Amino acid sequence: MASVLRFRSVWGVDPGNNYENWDKWFPTLKAQGYSGVEIDFAGLRDLSTVRQIAEKHGLEISVLVHTQWPRYEGPKPVGLTPQDHLQGYKEQLEIAKALKPYKVNAHSGDDGWTIEQSVEFFSGTFAIDAELGYAGKVCHETHRNRAFFSPYATSEVLKRVPNLRVTADFSHFVVVCERVLDVGEEDKEMLRTIIPRVGHIHARMGTTQSSQCPAPTDDAFKEERRFFETAWKQIIDATATTAEPITWVPEYGPFPYHPFGSPQSFSDLADSEGTRLHPLFERYAQAAVARS
């Protein structure tokens, strides 16, 4: 059976002094069935201590990097070229070595680029990955503000850079396009291009007007739930027969991602969705292997 590994984003969870909060929290994550944590290290110091804490509690680390404009703080940098982003990408991957990442999730490029600029950047990442020992480990996220902000740009780039691997966070696509993406034939075709290239899943349900659904199991969101669970099944169907484990994150973040007045905290929602979806993903994987 294909392995299904669940990682927990630390987004919005205060690490505490010398990471004492994470040190207390990580055993709980392990007990809940998480295989690792996903960490954006921008602004963090002493990454060796983070690595030691994760290792102590038996957790792998998926690293989140930004090729430029980390954490989207301040105004968007103007005029940065694909070569500028490749330099930033290389610098981030070099820093990430301290965390010994199992996988790297990259917020890559610029939503203002042409397709040609995006192709230049993504084509250039392979040599950096190979040079630094990351070949096969990096997935570039479908994320707003980035080159993969829409399914149109993403599918077009992937046609030209076919060996690229992506992190599927389709909540961004749904809110950008203001529709679920399995009704029209054009949308289905774009997903058919993207899904076989997925190497990591951010399993967050969004809506057509928000990147984060506050109550994924509520019937008010049954159409969104149908779309996202179908898309995740298609991803697992496409990857379950490979030798690589399926990695995923129930990535629910704090306000303003998490709507004000929601019935659960963002952190509880991440864990409840992790608990709900993990056996579902395992069944998808088992069925895909049985059919192969």
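Small disclaimer: the values here were computed from a predicted structure and weren't measured.
Using a cut-off of 4.0 Å between Lys/Arg side-chain N and Asp/Glu carboxylate O, D187 and R179 are scored as salt-bridged. A salt bridge links R276 with E229: the distance from a Lys NZ or Arg NE/NH1/NH2 to an Asp or Glu carboxylate oxygen falls below 4.0 Å. A salt bridge links E55 with R51: the closest approach of a Lys/Arg side-chain nitrogen to an acidic carboxylate oxygen falls below 4.0 angstrom. Of the charged side-chain nitrogens involved, none lies within less than 4.0 Å of a carboxylate oxygen, so that E38 and R6 do not count as a salt-bridged pair. A salt bridge links R160 with E116: the distance from a Lys NZ or Arg NE/NH1/NH2 to an Asp or Glu carboxylate oxygen falls below 4.0 Å.
Taking every heavy atom of both residues into account, L158 and F148 meet most closely at CD2-CZ, 4.4 Å. Among all heavy-atom pairs drawn from G199 and T247, the shortest one is O-OG1, 3.5 Å. Listed here is the closest heavy atom pair of S118 and V157: CB-CG2, 3.7 Å. Taking every heavy atom of both residues into account, H66 and D40 meet most closely at CE1-OD2, 3.1 Å. When all heavy atoms are compared, the tightest approach of A203 to W248 is CB-CE3, 3.6 Å. Residues W25 and S9 share a closest heavy-atom pair of CH2-O, 3.9 Å.
Remark: Q92 CD to I128 CD1 distance equals 12.0 Å, nearest 0.5 Å. Of the inter-residue distances, the one linking F266 atom CZ with H258 atom NE2 reads 8.0 Å to the nearest 0.5 angstrom. To the nearest 0.5 Å, atom CG of residue L181 and atom CD of residue E189 are 13.0 Å apart. In this structure, the separation between CD1 on I246 and CG on L5 is 8.5 Å, given to the nearest 0.5 Å. With rounding to the nearest 0.5 Å, the separation of NE2 in H57 from NZ in K30 is 11.5 Å. Of the inter-residue distances, the one linking T193 atom OG1 with K159 atom NZ reads 5.0 Å to the nearest 0.5 angstrom.
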Apply the test side-chain hydrogen bond (donor to acceptor under 3.5 Å, both in side chains) to residues T142 and D169: give CA-CA distance (whole Å), side-chain angles for both, the deciding distance (0.1 Å), then the verdict.
CA-CA 6 Å; T142 60; D169 188 338; 5.6 Å; no
From CA spacing to verdict: side chain to side chain contact (heavy atoms under 4.5 Å, CB included), S267, R8:
CA-CA 10 Å; S267 195; R8 176 60 150 84; 2.6 Å; yes
For side-chain hydrogen bond (donor to acceptor under 3.5 Å, both in side chains), just list the numbers for Y34 and D271, CA-CA rounded to whole Å, side-chain angles, deciding distance to a tenth of an Å, and then say yes or no.
CA-CA 10 Å; Y34 288 99; D271 289 334; 2.6 Å; yes
How far apart are the C-alpha atoms of Y89 and D129, what are their side-chain angles, what is the distance that settles it, and do they pass the side-chain hydrogen bond (donor to acceptor under 3.5 Å, both in side chains) test?
CA-CA 10 Å; Y89 177 70; D129 295 348; 2.5 Å; yes
Could you check Q209 against V175 for side chain to side chain contact (heavy atoms under 4.5 Å, CB included), going step by step and ending with a plain yes or no?
CA-CA 5 Å; Q209 303 301 320; V175 74; 5.5 Å; no
Starting from the C-alpha separation in whole Å, work towards a yes-or-no answer on side chain to side chain contact (heavy atoms under 4.5 Å, CB included) for L44 and I39.
CA-CA 10 Å; L44 298 183; I39 296 174; 3.9 Å; yes
Check against side chain to side chain contact (heavy atoms under 4.5 Å, CB included), E60 and S35
CA-CA 6 Å; E60 297 283 357; S35 298; 5.7 Å; no
Candidate pair E244 and R165, rule salt bridge (Lys or Arg N to Asp or Glu O under 4.0 Å), full reasoning
CA-CA 13 Å; E244 182 181 349; R165 305 175 81 225; 2.6 Å; yes
Stepwise side-chain hydrogen bond (donor to acceptor under 3.5 Å, both in side chains) test for Q87 and E91
CA-CA 6 Å; Q87 181 60 38; E91 291 169 357; 3.0 Å; yes
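Residues I61 and Y102 are not in side-chain contact: their nearest non-hydrogen atoms beyond the backbone lie 4.5 Å or more apart. Here the side chains of V50 and L99 are in contact, with some heavy-atom distance below 4.5 Å. The shortest distance between side-chain heavy atoms of H202 and Y252 does not fall below 4.5 Å. Residues C177 and P151 have side chains in contact (heavy-atom distance under 4.5 Å, counting atoms from C-beta outward). Looking at heavy atoms from C-beta onward, V198 lies out of side-chain contact with T167 at the 4.5 angstrom threshold. I194 places a side-chain heavy atom less than 4.5 Å from the side chain of F170. Contact annotation: the side chain of Q212 never approaches that of T207 to less than 4.5 Å [non-hydrogen atoms, C-beta and beyond]. Side chains of I236 and I201 form a contact here, defined as non-hydrogen atoms less than 4.5 Å apart.
Residue V104 is grouped with residue F126 when hydrophobic side chains (ILVMFWY) are merged at heavy-atom distances under 4.5 angstrom, including chains of intermediate members. Both F221 and F228 are part of a single hydrophobic cluster, where members link through side-chain heavy atoms under 4.5 Å apart. Note: the hydrophobic cluster containing V183 also contains M205 (ILVMFWY, side chain heavy atoms under 4.5 Å, direct or indirect links). Put simply, I95 and Y19 are part of the same group of oily side chains (I, L, V, M, F, W, Y) that touch within less than 4.5 Å, one to the next. Cluster annotation: V249 is not connected to L29 through the hydrophobic network of ILVMFWY side chains, with a link wherever side-chain heavy atoms come within less than 4.5 Å.
No donor-acceptor pair closer than 3.5 Å links the side chain of R204 to the backbone N or O of G253. Side chain of Y257 to backbone of S210: no donor-acceptor contact under 3.5 angstrom is found. Within the 3.5 Å criterion, the main-chain N or O of T81 finds a donor-acceptor partner in the side chain of D84. A donor-acceptor pair under 3.5 Å is absent between the side-chain atoms of S211 and the main chain of G206, judged by distance alone. Using modelled atom types, one side-chain atom of K137 and one backbone atom of P101 make a donor-acceptor pair closer than 3.5 Å.
Judged by distance alone, the side chains of Y152 and E186 do bring a donor and an acceptor atom under 3.5 Å apart. If you check the side chains of R197 and T154, you find no donor sitting under 3.5 Å from an acceptor.
Of the listed residues (P263, P214, P216, P250), just one forms a side-chain contact (heavy atoms from CB on, under 4.5 Å) with L269, and that residue is P216. Of the candidates H107, H200, R146, H107 is the only one forming a side chain to side chain donor-acceptor pair (under 3.5 Å) with E141. Of the options V13, L59, V63, a side-chain contact (heavy atoms from CB on, under 4.5 Å) to V37 is made by L59 and by none of the others. Looking at K76, H85, Q68, Q117 one by one, the single match for side chain to side chain donor-acceptor pair (under 3.5 Å) with D110 turns out to be K76.
Taking the six-membered ring where tryptophan is involved, the planes of W69 and Y72 are perpendicular, since the angle between them exceeds 60° and thus also 30°.
At most 12 heavy atoms of other shown residues, nucleotides or ligands fall within 6.0 angstrom of atom CZ in R45. The neighbour count for K97 NZ, taken as heavy atoms of other residues, nucleotides or ligands under 6.0 Å away, is above 12.
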